[in-house]
Amino acid sequence: MRPVREIESAVVSEAVRTLAMEAGYDLEPDILDSLLQARDRETSPLARNVLELFLINADIASREKVPVCQDTGVAVVFVELGQDVHVIGDFRGAVQRGIQAGYEDGYLRKSVCDPITRVNTGTNTPAVIHIELVPGRQIKISMLPKGCGSENMSGLIMLPPSAGLAGMKDFVVRQVVNAGPNPCPPLVVGVGMGGTFEKAALLAKKSLIRPLGEAHPRPDVAALEKEILAAINELGQGVQGFGGVNTALAVHIEPYPAHIASLPVAVNIQCHAHRHKEITL
Amino acid sequence: MSFLRSKPAFMEDLKNVELPFAEGVAESLQAGDLISLSGTLYTGRDQTHRRLMALLDKGEALPVDLAGQLLYYVGPSPARPGRVIGAAGPTTSGRMDLYTPRLLELGLKGTMGKGSRALPVREAMLKKQAIYLAAFGGAGAYLSKCIVAAELVAFADAGPEALFKFTVKGFPAVVINDVHGRDYYELVKSGKHTSR
């Protein structure tokens, strides 16, 4: 029998603490490259200048350890937990403690409040944690601090299958049109398609942690992503609603088989301050 | 990223605007103008607005006189020791739409955030000759450096949502709604904006 690998929960806490801080200050190379490419193809002089401002902003954030954006988000944590790993202690508690410590020690904004009283919890917890059991002896933790200027512009529709791909494309593009300048374009548009009501929403969120510029492995899905991105960028809303060709940087679609009677489509909007960070323990 | 300048070229060429607004200054700005703000402003977002409304409902005085002032919709991240403030970019203005006309009635001259304002707010701005500015959303680290002083004024228990007084210097913004009823986002959409 293969021995189970043991990991102390304190190790998990410390990894999450570091991940939270780094995600707050450092944009990953995928989003930096994407912003740079957007600047170079931009036709609107104002939008081009603003894209340059975002690159300068990222540089300041990284060098001075100040958040890229003051909205350091709800901490969304995706965990792929190897089934041959035994975490000693309370795993979820360890993740929450890591988030609390990272936000406190890193001078990140605590933005989480009770939905009824609207009183701030003061710790940025609870984080939203999604745990998936996978084969193996490792734990992969992905941190996505999700700002809510963009999150609020997200939406979900239960389409009839007769609406088809045309209905799906129309819903995604309309969601971006209705969002206008509010969610801090240029955007990353995450789409969950199929599954059930909650599965579609989760897929839309999870699609955001796929590196930008990486097409979906299914060629038909990759083609759809390209087509919808082009349709969005033809809208001319542009960077911050100031016009130009960069309303979105990427469209990520994650499909999942659906019921024969159903076509759920969820659109999760992400801003250009697209922070995500991964670690494997 | 050594290829980057310390600021984009257009920042060198902005129209300077002193805060709070002196007579006729807000009126002189046009939708689409790129401006650089210097002087003092107040901040507030969801909780501050709710509390200001509660005070007005009770007929009590507000903690600050808003006449002639610019109100910036921001919830900054905490300042590291030795720094004035953390990241401090704009939040979505639409969430304040419900409250804004009432504050404009008190003489508030301008608001600043990101994203579109609802029609009733635009009508109230036209009536009161007030303006709306967009700061650059998602540039909180850069904008942090344009804030040279920050003073907590009221609602400390609201944390990042408290009311602060900021002293700003060279803080960049775009005029979205001017006193003539024009809306820069709509001008862009209709293709009527002047190319920059």
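Hydrogens, waters and symmetry mates are skipped; everything else that's a heavy atom, side chains included, is used.
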Using a cut-off of under 4.5 Å on heavy-atom pairs, state which of [options] scores highest against chain A.
options	value
A134(B), P90(B), G75(B)	G75(B)
A158(B), A141(B), G115(B), G140(B)	A141(B)
S116(B), G137(B), G94(B), A79(B)	G137(B)

(message) Please determine whether a side-chain nitrogen of the Lys or Arg among E105(B) and R102(B) lies less than 4.0 Å from a carboxylate oxygen of the Asp or Glu.
(response)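 Judged by the 4.0 Å cut-off on N to carboxylate O distance, E105(B) and R102(B) do not form a salt bridge.
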(request) Answer yes or no: is there an ion pair linking E27(B) with K109(B), defined by an N-O contact shorter than 4.0 Å? (result)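 The answer is yes: the pair qualifies as a salt bridge.
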(message) As a test of understanding, state which of R41(A), Q237(A), Q240(A) forms a side chain to side chain donor-acceptor pair (under 3.5 Å) with N246(A).
(response) R41(A)
(message) Could you check whether F171(B) and Y72(B) have their ring centres less than 6.0 Å apart?
(response) yes
Please classify the contact of [X] with chain A as side chain, backbone, both or neither, using a heavy-atom distance under 4.5 Å.
X	result
A88(B)	backbone
S77(B)	both
Q47(B)	side chain

Could you have a look at [options] and say which one has the most heavy-atom pairs with chain B under 4.5 angstrom?
options	result
C184(A), A273(A), C69(A), P67(A)	P67(A)
V68(A), D71(A), L51(A)	V68(A)
E64(A), R48(A), R118(A)	E64(A)
G236(A), P181(A), G149(A)	P181(A)

(request) Might you point out which heavy atoms bring S93(B) and Y132(B) nearest each other, and give the distance in Å? (result)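 Heavy atoms only, the tightest pair is OG-OH, 2.7 Å.
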(message) Could you report the tightest heavy-atom contact between Y142(B) and N57(A), atom names first, then the distance?
(response) N-OD1, 2.7 Å
(request) Check each atom of L108(A) against the heavy atoms of chain B and say whether the ones under 4.5 Å are side chain, backbone, both or neither. (result)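 It is the backbone, since no side chain atom gets that close.
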